There are 2 protein chains.
Amino acid sequence: MTLCNGKENHKKTHPERFGGGDDSRPKSKRRITSFDVAKEAGVSRSTVSAVINKNTKVGISESTTQKVLSAAARLGYIPKLAARSISSHRSYAIGLISCWQSNSYMLTRPLRGMMQYLRQEEYSLTLCDLGSADMTKSAAIAVKYFLEGRIDGLIIILRTNAPEEEVASALDLLRRENMPLVLVNTAVEEPDIDEVNCDNLHAGYIATKHLISCGHRDIAFIYRRQNAENCSLAEEGRYRGYIKALEEAGIEPPEDYVVRLPDQEFDVKQGSDALHYLMNNDGARRRPSAVYTLNDTVALGVIYAAAKAGLHLPEDLAIVGNDDMEGSRLLCPALTSVAQPLQQMGEEAARLLKQRIEGTGPDHPVKLTLPCHLVIRESCGWSGQAEVEREEQS
Amino acid sequence: MTLCNGKENHKKTHPERFGGGDDSRPKSKRRITSFDVAKEAGVSRSTVSAVINKNTKVGISESTTQKVLSAAARLGYIPKLAARSISSHRSYAIGLISCWQSNSYMLTRPLRGMMQYLRQEEYSLTLCDLGSADMTKSAAIAVKYFLEGRIDGLIIILRTNAPEEEVASALDLLRRENMPLVLVNTAVEEPDIDEVNCDNLHAGYIATKHLISCGHRDIAFIYRRQNAENCSLAEEGRYRGYIKALEEAGIEPPEDYVVRLPDQEFDVKQGSDALHYLMNNDGARRRPSAVYTLNDTVALGVIYAAAKAGLHLPEDLAIVGNDDMEGSRLLCPALTSVAQPLQQMGEEAARLLKQRIEGTGPDHPVKLTLPCHLVIRESCGWSGQAEVEREEQS
DNA sequence: CTGTTAGCGCATTCAT
DNA sequence: ATGAATGCGCTAACAG
């Protein structure tokens with residue numbers, strides 16, 4: 001009878017899979033348990049458990065620790081997670097919900113950071129739901145996993161434009177079960193939950209400041225807001241940074257250079273539309289000589305439209321994007337863009353969640369804000385160096 | 001004392017999270033167990049277990065089944081996975097290894113199919129390793145998860161150009177533990193393992209046939225092979241389809257129109273290089289009027305290079321890509337491409353794996369080959385309709 | 001500092 | 001067709 005394999009007709013179906021490997025790694029019939037390790041090391045099972053779990057509450061002598069560890073290694077002992085789980089009430093797995101589709105860099109980059117961190121911490125990552133239109137449904141899945149004991153906590157990667165009420169009701173569902181939670185990219189401030197964001201105000205600030213450094217004064221800003229009250233923190237932050245940089249340079253924030261896109265999926269077409277709007281301005285002032293867009297996809301649309309309108313970049317129009325999307329460096333001209341530390345955000349989110357799960361976190365909700373930096377390429381005609389370094393360090 | 005939450009200093013740190021939700025969903029101190037359901041339904045625990053697990057081996061009367069089900073629903077009974085796991089030797093989770101980076105469509109599209117299917121089958125998905133350069137390392141992680149009892153089986157999404165020996169040794173590691181396995185995108189044929197692929201021969205065939213239908217006879221093919229012996233099945237298949245279509249049309253396969261890229265990461269630059277090679281051909285024959293490339297990224301490079309060389313697409317050069325990458329429809333001209341049924345491949349892989357885990361699969365290894373279809377856009381100048389439909393149905 | 005005892009919640013024999 | 005007993009492998013509270 002083979003381990004963890006209820007049906008043995010595998011043996012009949014794939015005889016090749018059972019051929020010659022048995023002598024190289026002698027498979028005992030029985031699973032190695034903590035009992036075996038205890039016997040081998042000449043101690044008790046609870047001592048083994050304490051050593052394996054690095055339990056500091058009960059002091060184990062160094063020599064005993066080594067005895068147990070070497071015995072475990074000798075026997076190839078791998079603790080059964082289900083058994084640990086049933087008595088420790090932990091699954092050593094965390095769940096992930098992303099409001100972004102599975103191919104979005106807003107998911108994949110943080111994901112890398114999470115996996116890297118969790119692997120070294122002996123946690124695994126279970127996908128709950130990706131790119132769902134209905135956050136409440138996603139939350140329900142996570143709740144089920146939590147109640148089953150599949151996951152110990154949850155990271156949620158939010159969209160900046162997620163409907164406020166939907167987020168609130170989804171979070172309530174999770175709070176009700178007292179599930180450890182960390183939010184990445186918070187759209188709405190939740191005072192009682194750990195959050196990891198990047199410094200969007202600074203993003204808008206360094207982007208705009210760079211354009212000013214390149215000699216521009218007529219700088220447009222393209223973003224999106226749901227409505228006057230309910231705008232996403234991320235985009236509003238970038239807007240405020242844009243305003244701040246202009247004001248510092250003594251430029252009056254030009255209201256008719258600010259384009260508010262309708263609230264829908266980002267698309268290159270939105271960028272084209274925005275540029276057309278800016279070009280056909282009512283003539284009260286010059287057309288902008290530079291644009292900062294809330295992301296690179298929209299910037300791509302601006303580039304397309306500008307090329308079609310016969311504008312040469314960056315001479316006729318300078319442009320800065322946001323997010324440093326893959327592919328932005330391949331554009332003509334290669335796009336200057338504000339990079340978010342997405343991988344690091346994922347790692348920090350995982351770290352915070354682990355602390356919450358294990359109760360080792362601070363007594364107050366943690367609000368992490370990580371710095372962005374500017375990736376300078378060709379789309380603004382910048383040729384300097386010093387400025388670059390200064391911005392990147394900040 | 002709250003459920004599944006060892007530390008209660010949460011209560012101290014986030015008092016808001018414990019405020020008013022308690023009356024809406026009365027949380028009993030104790031977890032609802034099968035014992036409670038048995039008592040409520042007036043039956044025994046084993047009956048509850050049999051009903052919940054739809055165990056057909058032991059016959060339960062319809063009326064008892066209903067009694068149990070309604071009692072379970074009334075109490076909000078959610079079986080503890082760890083407990084089920086410890087006695088059933090199943091985790092109801094499957095693992096995923098992808099040789100592709102987390103943002104690659106070769107991972108994300110199948111992933112959608114898997115998650116959708118697994119959710120309805122009450123399995124969860126645990127990420128083992130994504131985009132690792134070292135498959136043996138990935139396999140070691142999966143083995144650990146399997147031995148811990150975190151996962152019941154594994155789906156591996158392979159790269160077409162993964163080194164043969166590395167794949168073999170990684171698979172040996174997995175086979176040795178007798179782990180249920182399904183391969184997506186097999187680079188090397190493994191006679192004893194279930195595999196899901198798309199019909200790459202047909203992909204090359206319909207792409208080339210389409211170009212012939214557009215009136216082209218001088219058709220180049222850009223692909224990549226590691227060496228003469230060890231070439232990936234996927235790319236070799238596309239090559240064979242290309243040859244087949246040419247031969248059917250009475251065109252002699254032109255050896256100097258076949259470009260073999262060096263074995264490295266795909267890049268637009270490779271596409272540019274390939275076109276330059278084709279353009280500077282030794283003059284023994286005309287330059288090709290059409291190109292089929294093994295994927296859209298390389299096609300993008302060809303488009304760039306063609307534009308720089310002053311060629312107008314599709315008049316001067318027609319082009320068909322492969323994979324129908326996101327963004328290919330946004331190119332100028334919008335790229336005609338062979339689409340793989342990646343999402344469906346993921347779903348089928350999950351289905352096969354579940355069968356293997358539960359021992360309900362066929363007695364022989366399953367080799368699924370799913371059809372590709374051509375997505376016709378502007379890059380070949382095609383204006384017909386009938387051909388499109390025909391290809392898509394095949 | 002270490003060993004003994006007692007569950008955890010479920011699936012799975014076997015009896016009935 | 002159903003119920004009672006047994007064990008899965010581990011952790012945690014205790015006693016020594």
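Proteins come first, then strands; the chains are lettered A, B, ... in the order of their sequence lines, and each starts at number 1. What you see is a predicted model, and the numbers here were worked out from it, not measured in a lab.
Checking dT11(D), dG7(D), dG9(D) against every side-chain atom of S87(B), the shortest atom distance belongs to dG7(D). Here the nucleotide nearest the side chain of V43(B), chosen from dG9(D), dG9(C), dG3(D), is dG3(D). Among dT2(C), dA4(D), dT4(C), the nucleotide with an atom closest to any side-chain atom of S46(B) is dA4(D). Closest to the K80(A) side chain, of the nucleotides dG9(C), dG9(D), dT11(D), is dG9(D).
Taking side-chain N and O atoms only, S49(A) has a distance below 4.0 Å to OP1 or OP2 of dT11(D). Between T47(A) and dC1(C), a side-chain N or O to OP1/OP2 separation shorter than 4.0 Å is absent. For the pair S88(A) and dA12(D), the criterion of a side-chain N or O lying under 4.0 Å from OP1 or OP2 is not met. At the phosphate of dG3(D), OP1 or OP2 sits under 4.0 Å from a side-chain N or O atom of S44(B). Taking only side-chain nitrogens and oxygens, T64(A) comes nearer than 4.0 Å to OP1 or OP2 of dT2(C).
For the atom pair CG of L81(A) and CD1 of I151(B), the computed distance is 11.5 Å after rounding to the nearest 0.5 Å.
Ranked by how close their nearest DNA chain D nucleotide is to the 5' end, E62(B) and A50(A) are led by E62(B). In terms of position along DNA chain D, the nucleotide closest to S63(B) lies nearer the 5' end than the nucleotide closest to the other residue of the pair S63(B) and A83(B).
Straight-line distance from the CD1 atom of I86(A) to the P atom of dG9(C): 7 Å, rounded to whole Å. Spacing between atom CZ of F35(A) and atom P of dG7(D) amounts to 14 Å, rounded to whole angstrom units. Nucleotide dG9(C) holds its C1' atom 7 Å from the OH atom of Y77(B), rounded to whole Å. Rounded to whole angstrom, the span from the NE2 atom of H89(B) across to the P atom of dT12(C) amounts to 8 Å. Protein atom CG of L75(A) is 14 Å distant from nucleotide atom P of dG9(D), rounded to whole Å.
R175(B) has a carboxylate O that lies under 4.0 Å from a charged side-chain N of E190(B), or vice versa, which qualifies the two as a salt bridge.
A side chain to side chain contact (heavy atoms under 4.5 Å, CB included) with L111(B) is found for exactly one of I157(B), L125(B), L130(B), namely L125(B).
Within a 6.0 Å sphere centred on NZ of K39(A), other residues, nucleotides and ligands contribute 12 heavy atoms or fewer.
A distance-only check finds a donor-acceptor pair linking the side chain of D194(B) to the backbone of V366(B) [under 3.5 Å].
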